Amino acid sequence: MAYTDFARRVVRPALMFFLAAGVSAGCSTDTLLDVVDPDVLNPQDFATAAGADPLRFGAIQDFQDVFAGSGDSYIIVSGNLADEMYSTDTFDDRLFTNQRTANDNLPVLDGLYRSLHRARAGSARAIFVLESVVPGQVSNIAELYGLLGYTQNFFGELYCSGVPFSVETDSGTEFGESLTTAQVYELAVGNFDKAIAGAGTRTDVKNMASIGKARVLLNQGQFAAAAAAVAGIPTSFKYQTFYSTASNGQNNSVWGALLNGVTRYAVVNNEGTNGMAWLQTPADPRIPWQASTRTGFNGTSTNLPNILKYGSVAATRNAPVTLADGVEARLIEIEAGLQANTQAARDAAFASLNTLRATGISPAMDPIAGSAPTTQAAAVDLLFKERAFWLYLTGHRLGDLRRLIRQYGRSANSVFPTGNLPSPLAGTYGEGVNLPIPFDETNNPKFDGCLNRDA
């Protein structure tokens, strides 16, 4: 396919610097000024058995950083556009995203776009090198295919249709054409299939990729296939990304966004009328929180709650984040079963949601009050509410809101925040349901802009 997002040759990493043990400085015999810098490796230095693992580790780190690393990660930006949080900042980048009016020239959003491409290109580059020099590392290669699939899915869930995937080759930039969202999802499924096929005995990789594939299949409306993809994955399974206190760039982004002193984001109940009531009293065990007297970056947002999903205020800075787990697998199966649109299916879905409350968390939760919904619309509402709480701050909510529009016939303003912005912000929400592709992409002569801004 013309739009295949994969490095067919060695891809030159632009401005990538690695500290590598065992590389020593030296001087040329011609001049003392011709010095080999021990801290900078050229692309060809990684195309060896010794260089392959550092390249692989770097690709994994790039993915972890853009998913939930310090700063405006995928989880934070997508949650801000959805209803998981709102901006307590003074920067237009975050305010416009929150109020659904983001444009194509906002530096914070430019940074996320570049980081997603860095993770995408890094995985493809590492796959090419590993397959070339250490083909026996099949399961490690499979893990990279899985992360590549997730990165592509993030592009599909966050941006308008039209994202191009360019590659940097030894001969220069090979510009990518604007892809429809459907084409992006096709690429993601293909890479998840490669991950599943190559996982071998690494069940963590196979399960991670299977859940990722099912997530894309849900985005494509292929419910039965999505359920089949996750069949047999234990509810207890987790694939997580990891963070550290070693440097600010390695911190968990939820800590930086919602807990680190004077924060740029906060959580509110029922944002824009349609938002979920996250701050329940007593707290839902899936979203623990506590009151605080913290003030937002804007100086006028006060008494911001501390969201403790990833542990205490102190622990959250280096808490791991779940990318895929068995709870999501069960939710996918429940949604697929609900497509039968019968009362028997609604009864089964209700029973399965209660089973998940009993088995997906410890200690077990109380069952949902009342009985199964008697209309399909109410059953879908309940399912997506449970998904919202189970998958809170894991990067799923925006994709779910867009699916409610695309696959369930809801209007954008019935699922996204709408009406007046939360106090002390002034004004009203816009109409956006995704982000535009940043203006920088116009340097690509094959880029056609957003093909559409639909869900």
Side-chain angles (χ1 to χ4, degrees), residues 72-113 116 154-163 178 180-181 219 257-258 263-278 296-298 300-301 384 388 393 395-442 447-455:
D72 290 82
S73 66
Y74 179 80
I75 286 178
I76 298 304
V77 173
S78 64
N80 187 32
L81 178 56
D83 63 348
E84 290 185 310
M85 64 188 75
Y86 73 100
S87 176
T88 56
D89 199 14
T90 58
F91 286 29
D92 287 345
D93 313 60
R94 301 179 178 99
L95 292 171
F96 288 178
T97 299
N98 175 241
Q99 66 189 40
R100 301 173 57 197
T101 59
N103 60 53
D104 64 0
N105 191 24
L106 299 172
V108 167
L109 300 186
D110 291 352
L112 173 62
Y113 185 75
L116 278 168
F154 293 163
F155 276 109
E157 290 185 350
L158 183 58
Y159 291 98
C160 64
S161 180
V163 174
S178 293
T180 66
T181 302
N219 283 327
L258 294 172
T263 57
R264 298 176 187 267
Y265 297 96
V267 178
V268 66
N269 277 339
N270 310 118
E271 182 190 355
T273 306
N274 300 316
M276 200 65 67
W278 309 110
F297 186 83
N298 57 19
T300 55
S301 299
F384 276 77
L393 291 181
H396 288 78
R397 183 62 172 165
L398 176 61
D400 278 357
L401 295 186
R402 294 180 69 181
R403 289 200 304 113
L404 280 168
I405 301 168
R406 188 171 61 247
Q407 294 164 359
Y408 293 94
R410 308 293 175 88
S411 68
N413 285 342
S414 70
V415 295
F416 276 84
T418 189
N420 294 324
L421 297 170
S423 178
L425 302 177
T428 59
Y429 290 92
E431 300 294 325
V433 299
N434 50 49
L435 293 183
I437 299 163
F439 180 80
D440 285 356
E441 191 64 70
T442 58
F447 174 57
D448 295 322
C450 284
L451 302 180
N452 65 65
R453 298 297 306 275
D454 298 339

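Everything quoted here is computed from the prediction, not taken from an experiment.
The two atoms that bring Thr88 and Ala266 nearest to each other are CG2-CB, 3.7 Å, heavy atoms only. Here the closest non-hydrogen pair linking Phe416 and Gly432 is CD2-O, 4.4 Å.
Residues passing the side chain to side chain donor-acceptor pair (under 3.5 Å) test with Asn413, sequence neighbours excluded: Arg100, Glu431. Annotation: salt bridge (Lys or Arg N to Asp or Glu O under 4.0 Å) contacts of Asp89 (sequence neighbours excluded): Arg94, Arg264.
Contact check on Asp400 versus Arg397 returns no salt bridge, with no Lys/Arg side-chain nitrogen under 4.0 Å from an Asp/Glu carboxylate oxygen.
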Note to self: Walk me through whether Asn219 and Arg406 qualify under side-chain contact (heavy atoms from CB on, under 4.5 Å).
What the structure shows: CA-CA 9 Å; Asn219 283 327; Arg406 188 171 61 247; 3.6 Å; yes
Next item on the list: Evaluate the side-chain contact (heavy atoms from CB on, under 4.5 Å) criterion for residues Asn298 and Thr90: first the C-alpha distance (whole Å), next the side-chain angles of each, then the deciding distance (0.1 Å), finally the verdict.
Entry: CA-CA 6 Å; Asn298 57 19; Thr90 58; 3.9 Å; yes
Next item on the list: Start with the C-alpha distance between Tyr86 and Leu425, add both sets of side-chain angles, then the distance that settles side-chain contact (heavy atoms from CB on, under 4.5 Å), and finish with yes or no.
Entry: CA-CA 10 Å; Tyr86 73 100; Leu425 302 177; 4.2 Å; yes
Note to self: Walk me through whether Leu158 and Leu112 qualify under side-chain contact (heavy atoms from CB on, under 4.5 Å).
What the structure shows: CA-CA 11 Å; Leu158 183 58; Leu112 173 62; 3.6 Å; yes
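For the residue pair Glu84 / Tyr265, no side-chain donor-acceptor distance below 3.5 Å is found, with atom types taken as modelled. Judged purely by distance below 3.5 Å, without hydrogens or angles, the side chains of Asp104 and Tyr113 never pair a donor atom with an acceptor atom.
For the atom pair CG of Leu404 and OG of Ser411, the computed distance is 10.5 Å after rounding to the nearest 0.5 Å. Between the CZ atom of Phe447 and the CG atom of Asp440 there is a distance of 10.5 Å, given to the nearest 0.5 Å. Here Asn98 contributes atom CG and Ser87 contributes atom OG; the two are 6.0 Å apart, rounded to the nearest 0.5 Å. Atoms CG and CG, on Asp83 and Asn270 in that order, are 9.0 Å from each other to the nearest 0.5 Å.
Ring orientation note: the planes of Phe384 and Tyr408 are nearly perpendicular, at an angle over 60° on the 30°/60° scale.
Put simply, the side chain of Trp278 does not reach to within 4.5 Å of the side chain of Glu271, judged on heavy atoms.
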